[in-house]
Amino acid sequence: MNKIYKIGQIVPSSNTTMETEIPAMLCARELIRPERFTFHSARMRMKHVKKEELAAMDAHSDRCAEELSDAAVDVLGYACLVAIMSMGLGYHRESQARLGKVTEANGHPAPVVTSAGALVEALKVMGAKKIAVVTPYMKPLTKLVVDYIAHEGFEVLDSIALEIPDNLDVARHDPARLPGIVSGLDYKDADVIVLSACVQMPSLASVAKVEALTGKPVISAAIATTYQMLKALKLEPVVPGAGALLSGAY
């Protein structure tokens, strides 16, 4: 019997995308590798992407980690990039360590991946120095994200803030619009394009097209999270149709 891995996700209550894109990628992987996956979520209240609401939401992440560890998940993903980045520079390390201790204390230790930390680590794995970024956030939060990424050692050549305040509207953003949006980015000297620095804004369907149009490797927060989850599970980080990072080249 093929081993079944339980994928746990801590998601904002209004998030719908991570529970579609992460399973889509891992189910696509099942077509080419023997491992199988099930998916399990715990939720933190959040409706509007504002710094105060994000901080209040993050305070519930320990409860969610404990609930997911009740199910003895094999890996735990914190699926809100901007919530982590809004808590201060380098906060993904603190969050990952703290939530990992919560799972240990509950008797079911599991590696913890945050989408913020996953994006940073993915850029390192890809050898990126300069990047261009698309976010759905308002401009102040986009600046916060850009500053966080820059603090991790990357030069953000250009960014676009789509300024969508309601988290449900972020999920409704049509990924088919992203190639046109990227055409407005200054990405010529970028090593990598971050097509969605947000796990709620759908982008998976447009990754291959943007890679073809720009000639650049393209990732998203969801793709980076999937890569780090597979690495944490000690599985080959390969998913068909999910861009350069999950092509098997890394």
Side-chain angles (χ1 to χ4, degrees), residues 7-12 14-26 41 44 46 49 54 57-58 61 75-87 90-93 95-96 112-126 128 131-137 141-142 144-152 154 156 159-162 164 167 170-171 173 175 178 181-182 185 190 192-207 210-211 216-232 237 239 242-246 250:
I7 307 298
Q9 292 197 78
I10 298 174
V11 297
S14 52
N15 188 295
T16 55
T17 303
M18 279 300 261
E19 290 157 307
T20 54
E21 288 200 342
I22 295 278
M25 283 185 270
L26 293 178
S41 301
M44 313 171 284
M46 191 272 280
V49 192
L54 292 167
M57 181 191 76
D58 182 69
S61 59
V75 65
L76 195 157
Y78 186 124
C80 188
L81 178 140
V82 73
I84 293 290
M85 292 190 177
S86 69
M87 293 295 288
Y91 179 71
H92 66 275
R93 297 178 182 87
S95 175
Q96 289 165 191
V112 177
V113 173
T114 65
S115 52
L119 181 63
V120 167
E121 291 306 311
L123 292 171
K124 291 178 181 177
V125 164
M126 299 175 83
I131 65 171
V133 180
V134 179
T135 88
Y137 312 126
L141 278 181
T142 296
L144 184 151
V145 167
V146 167
D147 290 347
Y148 193 103
I149 294 171
H151 181 262
E152 294 293 329
F154 306 98
V156 181
S159 64
I160 290 177
L162 299 181
I164 308 171
N167 207 38
V170 173
H173 187 268
L178 288 171
I181 290 167
V182 169
L185 269 177
V192 173
I193 295 171
V194 181
L195 191 58
S196 178
C198 172
V199 296
Q200 174 74 329
M201 185 170 75
S203 63
L204 185 60
S206 291
V207 168
V210 175
E211 286 189 333
K216 303 285 185 179
V218 172
I219 64 169
S220 69
I223 287 170
T225 301
T226 301
Y227 178 91
Q228 287 300 124
M229 283 181 164
L230 288 168
K231 293 288 285 185
V239 173
L245 180 64
L246 288 168
Y250 302 97

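Owing to the predicted nature of the structure, the values given are computational and were not obtained by experimental measurement. The analysis underlying the following values was restricted to heavy atoms, covering all of them including side chains, and did not include hydrogens, waters or symmetry mates.
H92 is listed as a side-chain neighbour of E152, based on a closest heavy-atom distance under 4.5 Å. V11 places none of its side-chain heavy atoms less than 4.5 Å from the side chain of M44. For the pair L178 and V207, the minimum side-chain heavy-atom distance is 4.5 Å or more. No side-chain heavy atom of L144 sits under 4.5 Å from any side-chain heavy atom of Y137. The shortest side-chain heavy-atom distance between I160 and T135 does not fall under the 4.5 Å cut-off. Under the 4.5 Å side-chain criterion, counting only non-hydrogen atoms from C-beta, L162 is in contact with M201. Side-chain contact between L230 and V239 is present, with at least one heavy-atom pair separated by less than 4.5 Å. No side-chain heavy atom of E211 sits less than 4.5 Å from a side-chain heavy atom of I193.
Between the CD1 atom of I131 and the CG atom of L185 there is a distance of 10.5 Å, given to the nearest 0.5 Å. Put simply, CD on E21 and OG1 on T226 are 8.5 Å apart, with the number rounded to the nearest 0.5 Å. Distance check: C198 SG to H173 NE2 gives 11.0 Å after rounding to the nearest 0.5 Å. To the nearest 0.5 Å, atom CE of residue M57 and atom CD1 of residue I10 are 9.5 Å apart.
Looking at Q9 and S41, their side chains never bring a donor and an acceptor atom within 3.5 Å of each other.
Contact between S95 and T114 at its shortest, heavy atoms only, is OG-CG2, 4.0 Å. Across Y148 and Y91, no two heavy atoms sit closer than the pair OH-N, 3.0 Å. Contact record, S206 with P175: OG-O, 2.6 Å, taken as the closest heavy-atom pair. Nearest heavy atom pair, residue A221 against residue V199, reads CB-CG1, 3.7 Å. The minimum heavy-atom distance between M229 and G8, with the atom names listed, is CE-O, 3.9 Å. Residues M18 and P23 approach most closely at O-CD, 3.4 Å, considering heavy atoms.
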Could you please spell out the steps behind the side chain to side chain contact (heavy atoms under 4.5 Å, CB included) verdict for Q200 and T16? CA-CA 7 Å; Q200 174 74 329; T16 55; 4.0 Å; yes
Please walk me through it: do V113 and L76 pass side chain to side chain contact (heavy atoms under 4.5 Å, CB included)? CA-CA 6 Å; V113 173; L76 195 157; over 6 Å; no
Taking only distance into account, with no hydrogens and no angle test, what donor-acceptor pairs under 3.5 Å do side-chain atoms of residues 115-126 form with protein atoms, sequence neighbours excluded?
{"from": "S115", "atom 1": "OG", "to": "Y78", "atom 2": "O", "distance (Å)": "3.3"}
{"from": "S115", "atom 1": "OG", "to": "C80", "atom 2": "N", "distance (Å)": "3.4"}
{"from": "S115", "atom 1": "OG", "to": "L81", "atom 2": "N", "distance (Å)": "3.0"}

